[in-house]
Amino acid sequence: MQRAKPVQAKLIEFYCDCGGVYRLKQNPPVTQEYNYIWLHQCTGCGEHIELARPYPMVEVDNGRGQEKSFVLLDALPVTGDPTKGGV
């Protein structure tokens with residue numbers, strides 16, 4: 001049987017100097033020697049930046065003092081081809 005429990009969650013966003021927030025522009029990420037680089041674009045000024053994690057994300061406390069991070073499905077760019085990492 002499936003049950004739901006309340007959780008503590010935080011929305012984590014990466015802010016631009018202009019006051020906008022960065023949103024994931026590219027999916028899938030570029031791989032560079034075991035590291036993923038995610039291309040983001042500012043919602044305010046349009047500036048592009050490469051980040052090591054996709055933003056926005058949600059951090060959830062598991063109740064034991066450990067936090068887990070999750071990418072919001074709605075934040076992933078639509079590529080139209082799920083075989084190439086798109087939604």
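Counting from 1, the numbers follow the sequence of the chain as shown. Computed over heavy atoms, backbone and side chain alike; hydrogens, waters and symmetry mates excluded. As the structure is a computational prediction, the values presented were derived from the model and not from experiment.
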| S69: partners by side chain to side chain donor-acceptor pair (under 3.5 Å), with sequence neighbours left out | R53
| With sequence neighbours left out, what residues match Q66 under side chain to side chain donor-acceptor pair (under 3.5 Å)? | N62
| message | Tell me every residue that passes side chain to side chain contact (heavy atoms under 4.5 Å, CB included) with V7, counting only those two or more places apart in sequence or in another chain. | response | V60
| said: Which residues pass the side chain to side chain contact (heavy atoms under 4.5 Å, CB included) test with C45, not counting sequence neighbours? | reply: C16, C18, C42, E47
| field | T43 side-chain N/O to G20 backbone N/O, donor-acceptor pair under 3.5 Å | value | no
| message | Could you go through K68 and E59, starting from their C-alpha distance and side-chain angles, then the distance that decides it, and tell me whether this counts as side chain to side chain contact (heavy atoms under 4.5 Å, CB included)? | response | CA-CA 6 Å; K68 297 281 185 179; E59 274 188 4; over 6 Å; no
| Minimal non-hydrogen separation, A52 against W38, with atom names | O-CD1, 3.6 Å
| message | Membership question, hydrophobic clusters at under 4.5 Å side-chain separation (ILVMFWY): are F70 and L11 in the same one? | response | yes
| remark: Quick note, salt bridge (Lys or Arg N to Asp or Glu O under 4.0 Å) partners involving residues 35-46, not counting sequence neighbours, are none
| said: Taking the side chain as everything from C-beta on, heavy atoms only, tell me whether H40 gets closer than 4.5 Å to E50. | reply: no
| note | Members sharing Y22's hydrophobic cluster, built from side-chain contacts under 4.5 Å between Ile, Leu, Val, Met, Phe, Trp and Tyr, are I12, F14, I49, L51, Y55, M57
